[in-house]
Each structure stands twice: as C-alpha cells, then as structure tokens.
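One structure is given below, encoded as structure tokens.
In each ligand, atom 1 is the first atom listed, and ligand 1 is the first ligand listed.
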Amino acid sequence: MVDFENSARQAGSSGAKRAVVVGAGIAGLAAALRMYRAGWDVVVLERSPARRSSGYLLNLHGPGYDAAERLGLLPALAPRDIGFFTSVLVHADGREKFTIPATVAQAAVGERALSLFRGDLESALYDAVAGHADIRFGTTVQTLTQETGSVEVTLSDGTHLRADLLIGADGVHSRIRDLVFGPEADFLVDLNHMVGAFPLETVPTHVPEGVGTTFLGPRRTAAVMNLGPGRSSAFFTYRSPDTAAEPAHNADAALTSAFGDLGGGIADALHQLAADPAAAYFDSVGQIVMDRWSRGRVVLLGDAAWCVTVFAGYGAALALDGADRLGAAVAAHGDDLSAALDAWEQSLRPEVRKRQALARRGISRFAPPTRVHVWLGDLMLRAIQLPGIRGLVQRSIQRANN
Ligand SMILES: Cc1cc2nc3c(=O)[nH]c(=O)nc-3n(C[C@H](O)[C@H](O)[C@H](O)COP(=O)(O)OP(=O)(O)OC[C@H]3O[C@@H](n4cnc5c(N)ncnc54)[C@H](O)[C@@H]3O)c2cc1C
C-alpha cells in the first residue's frame, strides 16, 4: 500500500496546498520560493547529491533583472555582481586585436544589470528558500500518475508523494517532460553547436586582471575571463554538424580537439580543464519548443519547458520570470489551477518566442560561418565604440528588453 503519511509529515500537514518541484536549479529554487510565498507547502527533489554551486558567468538585465527584484533577491545578489569588464579581442596566438572598454558595455546595457556566477545566483535562491521548503538531494522521480485533484510520484528512495501541483524544473534533458509529454526528440531543435564553460581554479596568466579575452574564429568562439582568484572562468562554443556524435562526457577531449591550436589564455584554460574535466559544463546547444507547458497538474518550467540556449543569454532570466509569474498566477486564480496555468502560459509565451528567435539569429555572432563573417563581426565590434553607433546598439538592446 502506498504510504503518504511520512511524506505528509515532512512536507507539512498544515492543510495548505502542496507543490513538488523537481530540480533545484535556478528555475526550481525560484519556483519553490515563489510557491512558498503564495502559501503552499513545497518539496524540492534534486537528483544531485549536493548543491552545484560553481559554474559560468550569467548576465541578468531587462525582465530578468526585474524578476530578480520582484523575488527580493537584489540585496543578496548586488554584493556578488561582477560588474562590467574590459573585453580584448585576440588573434589565434593570443595577441591583442583590439579592446572594448567596460564603459561601452555598461552604456549599452544600462544600470539595471547584474553579472553573476551561476552558483552565486543559485546560492542566493537557496538561502532564501532553504528554511521554508523540504529540499531532498540525491532524490528523483521514478514514476508519476495523475488523478482528479492530485498528482502522485514514486521517488528513487522508494517513498511516495502526493501533490496538488508538480513543477518539472529539471533542465533541458527533463525526465518529467519525458514521463508526461513524450521523448526529448519530439521537442528538441538541435542548433548544431556544442558549448563548454568552467571556472578557473588558477588565475589565467596570459590575461590581465579585470579583462576578458575573446577569440572569434570561423565556426568557433573561446573566451577567458580573469576576474581574480575564485572568479575567473572560460567559455567555449563551436559548430558541430553531428552533436550526437560528440563525446558528451569528455569535455576535455572535445574542447582540446576544437581549440587545442590556440595560444594565450585559451591554452592555459584548456590545461586547467585537463586537470579537472568534471568541473566543466559541456553539452550540445538545443532549444525546447513545445505547444503547451502543462498537462493536468504537471507544469514544466525553465529549460525543461522552453530552453532558449546560451545563444540567447536569457535562460536564467526566463527561469526567474517564469517562476515569479507562476506564483502570481496560482495566487490570483485560487482553486482554479487550470485557469492559473493558462494565464501563466499566455503571459510568458511572447517573451520565450522572442528570445528563442533572437538566439537562432545570434548564432553567427558566436560561431561566424566564414572568415568574411569574422571580419565583418570585428568591424561591428570596433564600430560600437563610436558614439553614434553606440547609441544604435543601446536602443536595440533596450528594444529587445521591452
Ligand atoms: C555557458 C552558459 C552561459 C549562460 N549565460 C546566460 C546568461 O548570461 N543569462 C541568462 O539569463 N542565462 C544564461 N544561460 C542559461 C541559463 O544558465 C539556463 O537557462 C538556466 O540556468 C536554466 O535553469 P533551469 O533551472 O531551468 O535548469 P538547470 O540549471 O539545468 O537545472 C535543472 C536542475 O534539475 C536537476 N535535475 C535534472 N534531472 C533531474 C531529475 N530527473 N530529478 C531531479 N533533479 C533533476 C539538475 O541536477 C539541476 O539541478 C547560460 C547557459 C550556459 C550554459
């Protein structure tokens, strides 16, 4: 017989509605926080045995910054803001091509912006919600069934949970999506690129402090940021005609094969990766495109529902915005969950559609198809520094954020 008693005690038996959130990433923790604030009991299930606090650099501006503000995260995030830094475009051997001062990016993006390590955003969310939710690491969902009025899950530890709403925030390769909506292949739009990003344990020697160097070549980009000890990182992306054939669990081999000919800070970063390949985020770049993000009492959130990809630079922003809007929608619609999910989805879809389209258009900025595109890209980046062009860029960023 299914024993829901134990889970009821742990999740709280206050009579409040219960949300089970699958995934303790940005979307999952933000949803947990927002559902708690909407008066729900919250259980969070995270497959990893512990928090994954390191990671790559994220920018939050426009609606992402606004959502962080609505969630009350700004006081915790502001001290962790890296701010803007000088960018140096480099040749393959690491020699400088030209410099873009930090003030140029600052003027283009504006004051309402944060540059953070993913882990710092995750920590701020975790600290805000940990005292109010039952967060279970090393735990995942084995089976899921929906009945009128509830959703029931069997967990990997053999226990069972019943909830009023299950939020699948388990990332681009979501198991909840597989279980409820169908296989990943039905929703994945492969953008034919790989991305790798990792923190640097040792400050990169070939890159001055406070500077990010970027190599932009045909079909690939590599960037190394020296923001001091514990705050330096590397980012790589390259075109791959067959992402399924890439060595998914071997970032070291794949990135060395794609970038091993480069010098300067990039060679240094690859050297550091070889010493600790597990530190890297490494995956193919693919968007998730679905007609509907909820079915009954199961709703997908974040990359699980609408992955916009790294090329949008907006997935964390949408995860925060989506979680905040979800909490607001369930609070506004009371017992009518179906109306709440409809209203939530309608309010979010235009922004997701826009960001997915911008990401597809932006691929050539990250991996210019030919040398001519690289040359044109360089020309544009140099031109950004001219006051007239800077104004144009500023207005186009503002348009994208409105
Ligand atoms: C290099 C890089 C740079 C980026 N830059 C930006 C940027 O500048 N701005 C921006 O807004 N976005 C950026 N993004 C995108 C952003 O990081 C993601 O969109 C966002 O983190 C997605 O959050 P998520 O919580 O939906 O998914 P994830 O972060 O993938 O979290 C999913 C969580 O679910 C857990 N999980 C998975 N499967 C299960 C399971 N079966 N059971 C239980 N738990 C499970 C995972 O362990 C993980 O903790 C960038 C992404 C990359 C890769």
Side-chain angles (χ1 to χ4, degrees), residues 20-32 43-65 67-68 82 109 113-122 125-126 135-144 153 155-157 166-179 184 193-199 221 223 225 233-237 251 280-288 293 300-323 351-352 355-356 358-359 362 366 401:
V20 169
V21 180
V22 183
I26 306 303
L29 290 173
V43 182
V44 181
L45 309 171
E46 168 56 50
R47 182 179 58 183
S48 299
R51 284 169 60 199
R52 305 176 312 136
S53 324
S54 63
Y56 41 83
L57 272 183
L58 289 172
N59 296 310
L60 282 184
H61 48 91
Y65 185 97
I82 283 160
V109 176
L114 290 165
S115 238
L116 302 159
F117 279 103
R118 182 200 166 280
D120 284 346
L121 176 55
E122 195 234 70
L125 284 164
Y126 183 86
I135 304 180
R136 305 181 191 180
F137 288 98
T139 311
T140 184
V141 170
Q142 299 286 21
T143 63
L144 184 157
V153 283
L155 308 188
S156 49
D157 60 10
L166 184 130
I167 302 173
D170 50 346
V172 63
H173 305 299
S174 168
R175 173 162 172 77
I176 299 302
R177 192 182 58 231
D178 279 356
L179 286 172
E184 181 170 309
H193 284 73
M194 299 299 292
V195 64
F198 50 93
T221 288
M225 275 71 68
S233 63
F235 168 86
F236 296 83
T237 185
Y281 169 93
F282 182 64
D283 203 352
S284 55
V285 183
Q287 293 186 334
I288 297 295
W293 295 324
L300 299 176
L301 181 71
D303 280 6
W306 56 66
C307 182
V308 290
T309 77
V310 58
F311 296 150
Y314 221 77
L318 283 170
L320 295 177
D321 196 22
E351 188 66 22
V352 166
R355 298 291 164 183
Q356 288 193 329
L358 284 171
F366 287 90
N401 282 338

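Residue contact annotation: Ile176 has no non-hydrogen atom under 4.0 Å from ligand 1. Within the structure, the closest approach of Leu58 to ligand 1 falls below 4.0 Å when heavy atoms are considered.
At a 4.0 Å heavy-atom cut-off, ligand 1 touches Tyr56 through the side chain alone. For Ala197, every heavy-atom contact with ligand 1 shorter than 4.0 Å involves the side chain, none the backbone. Counting heavy atoms closer than 4.0 Å to ligand 1, residue Arg175 contributes side-chain atoms (C-beta onward) but none from N, CA, C or O. Contacts with ligand 1 closer than 4.0 Å are made by no heavy atom of Cys307, backbone or side chain. Proximity of Leu57 to ligand 1, defined as any heavy-atom pair under 4.0 Å, is confined to the backbone N, CA, C and O atoms. Heavy atoms of Arg118 found under 4.0 angstrom from ligand 1 belong exclusively to the side chain. Contact annotation for Asp303 and ligand 1: heavy atoms of both the backbone and the side chain come within less than 4.0 Å of the ligand. Contacts with ligand 1 closer than 4.0 Å are made by no heavy atom of Leu318, backbone or side chain.
Of the candidates Ser115, Ala169, Ala304, the one placing a heavy atom closest to atom 32 (C) of ligand 1 is Ala169. Residue Ala316 holds the heavy atom nearest to atom 20 (C) of ligand 1 of all those in Ala316, Ala30, Gly302.
In summary, the atoms of ligand 1 found under 4.0 Å from a heavy atom of Ile26, numbered by their order in the structure, are 21 (O), 25 (O).
With hydrogens and angles disregarded, no donor-acceptor distance shorter than 3.5 Å links the side chain of Thr140 to the backbone of Arg47.
Listed by first and then second residue, the salt bridge (Lys or Arg N to Asp or Glu O under 4.0 Å) pairs involving residues 20-29 amount to none (not counting sequence neighbours).
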